[in-house]
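Each remark here refers to the structure printed beneath this line.
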Amino acid sequence: MIGDARFGASSRLLFMAVALMAYVAALGAVGLRVIDQSDTRWQRAAGAMTLEVPASASPARLKTALALLRQTSGIAAVRLLPAAETARLLQPWLGPAAQLDGLPLPRLIDLHADPDAAIDFTTLREHLAAVVPQARLATNGQWLGAMRSAARRLRIVLGTCLAAGLAAIAPAAVFAAGSAANADRALLEAAHRLGATDRDLIRPLALRAFRIGLAGGALGALVAAATLAALGPAAVLTQPALPLGEALADWPNWAILAAVALAAGLIAAAATAAGLWRRLLRMP
Amino acid sequence: MLADISLTLAAGGFYVVTGGAGAGKTTLCNILALAEPPSGGRLMLFDCDPGALDRNARAALRRRIGVVFQDLRLVDRLSVKDNLALPLRIAGAAPRRIDGDVGELLAWIGLAERAQRPAAALSGSERRLLAVARAIVARPQLLIADEPLADLDDATTAGVVRVIEQVNRVGTTVLIATARDGFDGALVQRRYHLADGRLAPAGDAAVS
């Protein structure tokens, strides 16, 4: 009977509020992971560089350039691409009909930098220019810096979404518990006067709040998953692509969505218990 | 407001406190039922000082007391049966015992046919009868009844008096606060009169 204490109309309000907050929190949580994964990929890509040596450079200069690169601190791997591989890479730009055999193709040197190394590119470019005057060193450093800076700001936004989304569940639950306590005041007061403990009175409502919070959290998380699925194709257009489309194929992201729903239920239950307990303390 | 009250209730005793409106009967009952704390003085219940106990222990003490509140404190949205079962559920009684005891008591007070109806649907006298039944269903050691006979017709008054006297016969200490004293003189151990918050023995009874 004490378990009959109920949320009544405020249960719908709590459910919708939790669903909305959980939606924001779930997008924030999965978004944080997607940004982390992207950052790792960008870091890997940052290590990759290409040195383009003009076709006119002599084999001796090419050899010297290779030796210089291998001696440079922070460069982990140096590979001269065979002419055939260079031709294959250029094929998409030149078209299938292009006769590559007769073209003066540059020689490409694939470089991989140690991720933790701080390479002095200005000095390296100067040394390379001395060996092969028209050589071009292409690095990813510039766009990577911009991307990582954007990722840092995005992390703050997404972290705020996660924290604010989950935190906002608490006042919603306290409000709903207050409404429930007002609506069922007769039962709570009668039960208190007949010897029910605070735990007897709080437990059923907290359990109901947990169920409502869990259901609302699950709805919010599922809508967030649908949003990610819808955003997936659009995210591919960004350069470099954010792996939003892959997010739903990645089971840890489902675990994150489930954790958000569970957290929503637990926060709703805890806030309900705290709110109700404060009210019960006014009874002798 | 009560003043200079000294009252000792012996186990198994039957006490009646009479008094007019505003005499302090409800305050006395609420203090004894732990529904409101005394602003001064000392209250001992079952050899315990309730003010010194934590909330759980005070709740446990309340479970040893059956109370008929002046405003009844029934839960209108619950059925008659569920209202009656409330103290047993709070005490953690087994469902079978709850069904048995509640059914038996409903039959005894003549509300068995209305068991499934909401308490709000009962008449004033039926509600008071239900409140009395709820106060005794868990077999309390102390029964405090604030105006249990108010607004009752003669037949229902006789029924309520019979129920309370029967409870006392099986060992429950009874304190009745009433403006209408209709209880058996042979059973009542002491009668008091409360006026302007002061308790005085009625007739030749002595205040202990």
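Quick note on labels: first sequence line is chain A, next is B, and so on, each numbered from 1. When reading the values below, keep in mind they use all heavy atoms of this one structure, side chains included, and skip hydrogens, waters and symmetry mates.
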Greater than 12 external heavy atoms within 6.0 Å of [X]'s [atom1]:
X        : atom1 : value
A:Met16  : CE    : no
B:Asp196 : CG    : no
A:Arg203 : CZ    : no

### Query
Could you name the residues of residues 35-70 of chain B that have a heavy atom within less than 4.5 Å of a heavy atom in chain A?
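When heavy atoms of chain A are the reference, residues 35-70 of chain B contributes B:Ala35, B:Glu36, B:Pro37, B:Arg55, B:Asn56, B:Arg58, B:Ala59, B:Arg62, B:Arg63, B:Phe69 within the under-4.5 Å range.
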### Task
Spell out the residues in residues 91-119 of chain B that have some non-hydrogen atom less than 4.5 Å away from a non-hydrogen atom of chain A, in order of number; otherwise answer 'none'.
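From residues 91-119 of chain B, none sit under 4.5 Å of chain A.
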### A:Arg185: side chain to side chain contact (heavy atoms under 4.5 Å, CB included) partners, not counting sequence neighbours
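Residues passing side chain to side chain contact (heavy atoms under 4.5 Å, CB included) with A:Arg185: A:Glu189.
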#### Entry: Test item: B:Arg77 and A:Leu187 side chains (from C-beta on) under 4.5 Å apart, heavy atoms
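Touching, per the 4.5 Å side-chain cut-off.
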#### Entry: Partner set under side chain to side chain donor-acceptor pair (under 3.5 Å) for B:Thr27, not counting sequence neighbours
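For B:Thr27 there are no side chain to side chain donor-acceptor pair (under 3.5 Å) partners, ignoring immediate neighbours.
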### Message
Given heavy-atom pairs under 4.5 angstrom as the criterion, report whether the side chain, backbone, both or neither of B:Asn30 touches chain A.
### Response
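Looking at B:Asn30, just its side chain touches chain A.
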Taking all atoms of both residues into account, what is the closest heavy-atom pair of [X] and [Y], and its distance?
X        : Y        : result
B:Pro87  : A:Leu194 : CG-CD1, 4.1 Å
A:Ala191 : B:Ile90  : O-CD1, 3.6 Å
B:Val75  : A:Ala186 : CG2-O, 4.0 Å

